[in-house]
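This is a predicted model, so every value here is computed, not measured. Residue numbering restarts at 1 for every chain, and letters A, B, ... go by the order of the sequence lines. Side chains are part of it too, since the values below use all heavy atoms of this structure and drop only hydrogens, waters and symmetry mates.
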Number of protein chains: 2
Amino acid sequence: MRQEEKSQEARRRIAEAAIDCLVELGYHGSSTTRIVERSGMSRGAMQHHFPSKQDLIVGATDILLEGVIRRSEPLLADLEARRIGFPELVERLWKHFIGSRRYQAVLELMNASRTDPELQSRITPTLDRWNRIIDERMARLFSSVSGDPSEVALLMQMTRALLRGLALRDGGPLPPAMVRRMLERWAQLVEPCLSWPAEKENPCRS
Amino acid sequence: MRQEEKSQEARRRIAEAAIDCLVELGYHGSSTTRIVERSGMSRGAMQHHFPSKQDLIVGATDILLEGVIRRSEPLLADLEARRIGFPELVERLWKHFIGSRRYQAVLELMNASRTDPELQSRITPTLDRWNRIIDERMARLFSSVSGDPSEVALLMQMTRALLRGLALRDGGPLPPAMVRRMLERWAQLVEPCLSWPAEKENPCRS
DNA sequence: AATAAAACAGTACGCTCTGATTGTTTTTAC
DNA sequence: GTAAAAACAATCAGAGCGTACTGTTTTATT
């Protein structure tokens, strides 16, 4: 069906324009007019593919987060294959995902969903899915020196929270060098708590 | 001047209503109409005290953040007087500030300011001031075992980033017990890197 | 080839928001 | 006590938004 793929391409174009608008103009600056102008489509096209603005935002959210999940597959696979260490994992998580330009759109959506139940009900499952995927992979890669399996998940949640907090900077923009220092320091603090299964055994605390 | 304090009281009432709206409705749900309705004042009163919406938001921001700074004074003083440890500091920072209901308004403003230069130029200095105040107090309370004075500031920045990331939850709402676990774990990881000046000397790394 | 359906284009309408304006009350100053 | 200024009240106009609607083109079906 050639029409099917044309249709999907149109949906994608509009959704990408919406994502760009979220990054550059924020949620409350992203009107349907500006989004459709940036996409190069017509109002009618948008109306056809996304009957309401909610549908548009939700559609853009799905494309955005699905893209995140899809693009994280090869990175995670590479991680497992090369037995990469925790510091490098943190660095990549920052570079490719949470520190990336597109994540600003995710932040906008997460923030907007706090006071928009309908949006929240659509965002939460996808977000949780991504978190679960990463947690599962991590649990396979690392294990806690304390023997508690929930320990790895806890540390991963903390890692995500830290990176999120860095992406949503307060005050002046954090210089990249400062960010790098924090990521390194964090990895340094956490690494002794993790061990590669049946490889090395670092004690977590003296 | 009795008029002066009446005026300030009116300003405060409207600004507080704005803060409440930010918490409950988010930035893009906080119209001047809803804010003024919640404040119990009239449009004209608001118009008088805050000529434009920008003025209102900026005014609310100042009151919000000044309140944060003012309320943190006794806590910091208590901290110094009682020589409280790092875990308790983290817990209080969360309980009274970053984990509090009002901080959701700060998050809304920080997020909005990303794509609103004028708002950003007003928010950044106050936010930086708060950060500097805390950093300075911390530098007085703790010192790094490595001897590097910038180390304490780095760890405080990381602490703030982590708490910020927790306040801006992704996915489903974090259960308080999980938050507490993370805060405890974080304090556990960082504490060995800090020392009370001329009291005890824990090595940071084995 | 003919018909139906999907995709796309452009316009118009109703609504809400903001900022401005005009009028009224209260407070301060002389 | 009176005049001026500040504070407050109420209404209005303009702009921008989302969406419904009508018309046109393209694609799929038979």
Identify which nucleotide among [options] has an atom closest to any side-chain atom of [X], counting heavy atoms from C-beta outward.
X	options	result
B/A10	C/dA9, D/dC8, C/dA7	D/dC8
B/K53	D/dT19, C/dA9, C/dT18	C/dT18
A/S52	D/dT19, C/dC8, D/dA9	D/dT19

Enumerate the ring-ring contact (aromatic ring centres under 6.0 Å, His included) contacts for [range], please, sequence neighbours excluded, ordered by first and then second residue.
range	answer
residues 13-35 of chain B	A/Y27-B/H28, A/H28-B/Y27
residues 31-73 of chain A	none
residues 105-140 of chain B	B/F97-B/W130

Go through the structure and list residues passing side chain to side chain donor-acceptor pair (under 3.5 Å) with A/S42, not counting sequence neighbours. none
Inspect the surroundings of CD in B/E66 and state if more than 12 heavy atoms from other residues, nucleotides or ligands are less than 6.0 Å away. yes
Dump the pairs, protein N or O against N or O of nucleotides 20-22 of chain C, anything under 3.5 Å, distances to one decimal.
none

Short side-chain N/O contact from A/H48 to OP1 or OP2 of C/dA7, under 4.0 Å: yes
Pairs meeting criterion side chain to side chain donor-acceptor pair (under 3.5 Å) with involvement of residues 68-77 of chain A, two or more places apart: A/E73-A/R137
Do any of residues 21-34 of chain A sit with a heavy atom less than 4.0 Å from DNA chain D, and if so which? A/S31, A/T32, A/T33, A/R34
Enumerate the salt bridge (Lys or Arg N to Asp or Glu O under 4.0 Å) contacts for residues 166-178 of chain B, please, sequence neighbours excluded, ordered by first and then second residue. A/R164-B/D170
State which residues pass salt bridge (charged side-chain N to carboxylate O under 4.0 Å, His left out) with A/R132; sequence neighbours excluded, sorted by chain then number. none
